[in-house]
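Proteins come first, then strands; the chains are lettered A, B, ... in the order of their sequence lines, and each starts at number 1. No experiment lies behind these values; they were computed from the predicted model shown. These values consider heavy atoms only, across backbone and side chains, with no hydrogens, waters or symmetry-generated copies.
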Amino acid sequence: MTKMADVNGIPYEQSELYRMRHTLAHVLAQAVLEVYPEAKLGIGPPIQDGFYYDFDLGTAENGKPRTFKPDDLPQLEARMRTIVAGKHDLRCREVSAAEAQALFADQPYKLELIDGLAQGQADADGNPLAEPVVISTYRHDNFEDLCRGPHLAHTGDIPVDGFKLMSVAGVYWRGDEKRPQLQRIYGTAWANKRDLQRHLRMLEEAKKRDHRTLGRQLEIYMMDEEIGPGLPLWLPNGNILREEIAKLAREMEDAGGYQQVSTPHIAKESLYVRSRHLPYYADSMYAPMDRDGSRYYLKPMNCPFHHKIYASKPRSYRDLPLRLAEYGMIYRYEQSGELFGLMRVRAAQQNDAHIYVPEAQFEAEFMAVMDLYRHYFRLFGIDKYVMRLSKHSKAGLGKKYVDNEVMWLKMEELVRQTMIRHHIPFVEAEDEAAFYGPKIDVQIWSAIGREFSLATNQVDFAQPASFNLTFTNRQGEEEMPLCIHRAPLGSHERFIGFLIEHYAGDFPVWLAPEQVRVIPITDEQNEYAVQLTRQMAHLGIRAHADLDGSRMNAKIRAAQVMKVPYMLIIGEREVREGTVSLRRRDGQRQQGVSPLAFISHVRERIEGRLADL
RNA sequence: GCCGACGUAGCUCAAUUGGCAGAGCAAUGCUCUUGUAAAGCAUAGGUUAUGGGUUCAAGUCCCAUCGUCGGCUCCA
């Protein structure tokens, strides 16, 4: 989770809302303890729109961990309201580590937190702390919790009808899948009933712009159980989006000095051993296919293939930067629980390229890629994103990351300084790098608020070495290039999934699968409608005539539901005058329009990739 | 992969405590020939995700598998 937004100009962490949510988390814990007195408490912080609390409910009669049932939520919520209505004061007190240990003697998770605090090593999230902190508790009614605060003065300040328990989830203690799984209850909380209802309505609205809902409605893609999880099929409308985006990317790459290549979807095991995908990335790869004693893998990335192309002949510094682009299909065995519509799939087409560049030219080339990103983002009107410098972690060296700390630090500094010199705002994140090097990821959010990496710009110092990639420099010496892996549009799947939500299905004209729908009022006008449609199709406009026997209003509705940018209504008058009546997706209308004027208006929007209708 | 929930017609959803599987939209046919977001009538559409089990009787209860969803872990 990235930093949360300010509330009325005050940092969220200092806002009244934050304290109220924090206090509600305590109230929830108290309510849970009333129902399950033996429950062990995890942590319970405020989050984006509310709060959560983690519990270990112990073991049930059947020997499995006890879990919350959905029926528990209304019951707990009712208890919470009763507690809130008790108007209990919250009292903070500072305690020594020994006192805290005595106080929470039967709370193993709290004891672990206390140990961390006592040693001045980690906060409740497990993040390292600079200096030892004071241990404090907050108490209200009969419930006392280890907590650094802040809280409301008393529970009477909590709006009784401003909160709601939302869902239950299993979560690993401290986010570590090797540790016990706790039960988390999520709640949302607001200053008053109206704000809560507005939030709930917003969630409903977000669902309507969810790419899974719109993807079906607009007939963009489908999934099929028999084909497999995470393996989308692109319907004709969706494929138009793919082709338009590919065309755009192709233009940009031609202009940027890229060369297009194509490579197979599978390769032998030894390739991935050399690239180090097998040691570092095997969990994300499909199981190998055995044929005649060789093992073949579906490719999870295009890079090893491009490295082979690079290595296929001696390279001179004059050839560099060498930019190899491929719209390659990649296959990744993502964990089943992670699949998510188009945003997280197992077969994806990447707008991929690998740029081989002497270290001396790295900055210019890296910036050319960043400029390309910003060009795309401007074109699509994407302004809500965060650039993230994704770094290695010391603990992951040799496990998740190639084991060369010197190079990691050097490359991270190289990227950091490049970004700073060019005044590009970014955040830094530990333990988010690719196994072969650090990267700049562009983080975006789905309609329902889930965070994803979209574009990525990566530095690879590892694979050029594994593949013995070299070039002859000006001095006649063999030198190793760096490799930049870049995917400004991420994958087609995720990018289009994101675009659907970004535009709420109202694609700009150049992207719209159907650009114009011609609607004759009666079948007397069918012939004119077909003639207009042919004329437009001839000029590269995606136009269709709706010759269905239904009424005009129904045809308009059908076109609106499909979010077709332009509707041309054709009645007796239009045929007589040789005009069209234009209705735009946004409801604006214009009568007596000349077909030629309309066509040139549309073509202008298509050719200029303009955002307006 | 883990925790929880869910799976009924192409889509959105019904179906009392276990008791004859239904509606709207979409599709198809016919009638209407219509002026800016849904005309009327009719027809067709289902092994209730799949496989077992309990029962006189299962969409409904139990088990397993597959899939989807909310999270966790992970990631383009």
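Residue Arg344(A) places no side-chain N or O under 4.0 Å from the OP1 or OP2 atom of C69(B). Regarding contacts with the backbone of A76(B), every side-chain N or O of Thr456(A) stays at 4.0 angstrom or more from both OP1 and OP2. Phosphate contact (OP1/OP2 of G35(B), side-chain N/O of Arg573(A), threshold under 4.0 Å): absent. The phosphate of G35(B) has neither OP1 nor OP2 within less than 4.0 Å of any side-chain N or O from Arg551(A). Within the 4.0 Å cut-off from OP1 or OP2 of A76(B), at least one side-chain nitrogen or oxygen of Lys439(A) is found. Distances shown here put a side-chain N or O of Thr67(A) below 4.0 Å from the OP1 or OP2 atom of G4(B). Put simply, Arg494(A) has no side-chain N or O that comes within less than 4.0 Å of OP1 or OP2 on C75(B).
At a cut-off of 3.5 angstrom, the base of A76(B) holds at least one donor-acceptor pair with the side chain of Ser491(A). For Gln443(A) and A76(B), a side-chain-to-base donor-acceptor distance below 3.5 Å is absent, hydrogens and geometry of angles not being considered. A donor-acceptor contact under 3.5 Å is formed by the side chain of Tyr172(A) with the base of G1(B). In this model, no side-chain donor or acceptor of Glu334(A) finds a partner on the base of C75(B) within 3.5 Å. With hydrogens and angles left out, the side chain of Glu226(A) and the base of G67(B) share no donor-acceptor pair within 3.5 Å.
Across all strands shown, Arg212(A) has heavy atoms under 4.0 Å from sugar-phosphate atoms exclusively, and none from any base. Within the nucleic acid shown, Gln335(A) comes within 4.0 Å of at least one base atom, counting heavy atoms only. Within 4.0 Å of Phe340(A), counting heavy atoms only, lie sugar-phosphate atoms of the nucleic acid but no base atom. Across all strands, Gln183(A) comes closer than 4.0 Å only to sugar-phosphate atoms, never to a base (heavy-atom distances). Among the protein residues, Gln590(A) comes within range of no part of the nucleic acid, since none of its heavy atoms lies under 4.0 Å from any strand. Residue contacts shown for Ala487(A) are absent, as no nucleic acid heavy atom lies under 4.0 Å away. Within 4.0 Å (heavy atoms only), Leu454(A) reaches sugar-phosphate atoms of the nucleic acid but no base atom. The residue Tyr186(A) sits close only to the backbone: its heavy atoms come under 4.0 Å of sugar-phosphate atoms, none of a base. At a threshold of 4.0 angstrom between heavy atoms, the contacts of Gly549(A) include nucleobase atoms, whether or not backbone atoms are also involved. Residue contacts shown for Arg450(A) are limited to sugar-phosphate atoms, with no base heavy atom under 4.0 Å away. Residue contacts for Gly449(A): at a heavy-atom cut-off of 4.0 Å it reaches no nucleic acid atom on any strand shown. Nucleic acid contact class of Asp523(A) (heavy atoms, under 4.0 Å, all strands): base. Residue Gly337(A) is classed as a base contact, given a heavy-atom separation below 4.0 Å to a base. Looking at heavy-atom distances under 4.0 Å, Ser453(A) makes contact with sugar-phosphate atoms alone, never a base.
A donor atom on one side chain and an acceptor atom on the other are found under 3.5 Å apart for Glu112(A) and Trp173(A). Arg583(A) and Gln588(A) share no donor-acceptor pair across their side chains, judged by distance under 3.5 Å alone. A donor atom on one side chain and an acceptor atom on the other are found under 3.5 Å apart for Lys299(A) and Thr263(A). Under 3.5 Å, the side chains of Tyr109(A) and Asp56(A) contain a donor-acceptor pair of N or O atoms. The closest side-chain donor-acceptor pair between Tyr436(A) and Gln458(A) falls under 3.5 angstrom. Side-chain contact check for Gln463(A) and Arg276(A): no donor-acceptor pair (N or O, by modelled atom type) lies under 3.5 Å.
The nearest whole Å value for the distance from the CZ atom in Arg66(A) to the C1' atom in G4(B) is 16 Å. Per the geometry, CD belonging to Gln525(A) stands 9 Å off P belonging to U34(B), to the nearest Å. Going from atom CG of Asn553(A) over to atom P of C32(B) covers 20 Å, rounded to whole Å.
If you check A38(B) for Watson-Crick or wobble pairing at under 3.5 angstrom, you find it has no partner at all. When both pairing distances are held under 3.5 Å, G67(B) makes a Watson-Crick or G-U pair with C6(B). Both distances falling under 3.5 Å, in either a Watson-Crick or a G-U wobble arrangement, occur for no nucleotide opposite C74(B). Look at A58(B): it lacks any Watson-Crick or wobble partner with both distances under 3.5 angstrom.
Taking every side-chain heavy atom of Ile556(A) into account, A37(B) is the closest of A37(B), G1(B), A76(B). Set against A76(B), G35(B), A38(B), the side chain of Gln591(A) has G35(B) as its closest nucleotide. Relative to the side chain of Ser167(A), the nucleotides G1(B), G70(B), A37(B) differ in distance, and G70(B) lies closest.
For Arg216(A) and Val345(A), each mapped to the nucleotide of RNA chain B holding its nearest heavy atom, the one lying further toward the 5' end belongs to Arg216(A). Each of Gln458(A) and Ala169(A) was assigned the nucleotide of RNA chain B with the nearest heavy atom; the assignment lying further toward the 5' end belongs to Ala169(A).
Comparing the same atom, P, in C61(B) and in G46(B) gives a spacing of 25 Å after rounding to whole Å. Rounded to whole Å, the separation between the P atoms of C11(B) and C2(B) comes to 28 Å. Rounded to the nearest Å, the gap between the C1' atom of U8(B) and that of C75(B) is 35 Å. With both ends at atom P, the span from A58(B) to A39(B) equals 43 Å, rounded to whole Å. Distance check on atom P: A15(B) versus C20(B) gives 14 Å, rounded to whole Å. G19(B) sits 14 Å from A57(B) when the P atoms are compared, rounded to a whole Å. For the C1' atom pair drawn from G70(B) and A14(B), the interatomic distance equals 25 Å after rounding to whole Å. Taking the C1' atom of each, A26(B) and U12(B) are spaced 11 Å apart, rounded to whole Å.
Looking at Arg242(A) and Glu493(A), a side-chain N of the basic residue comes within less than 4.0 Å of a carboxylate O on the acidic one, giving a salt bridge. For Glu204(A) and Arg201(A), the salt-bridge test fails: no basic side-chain N is under 4.0 Å from an acidic carboxylate O.
Note: Phe598(A) and His601(A) have parallel aromatic rings, judged against thresholds of 30 and 60 degrees for the angle between ring planes.
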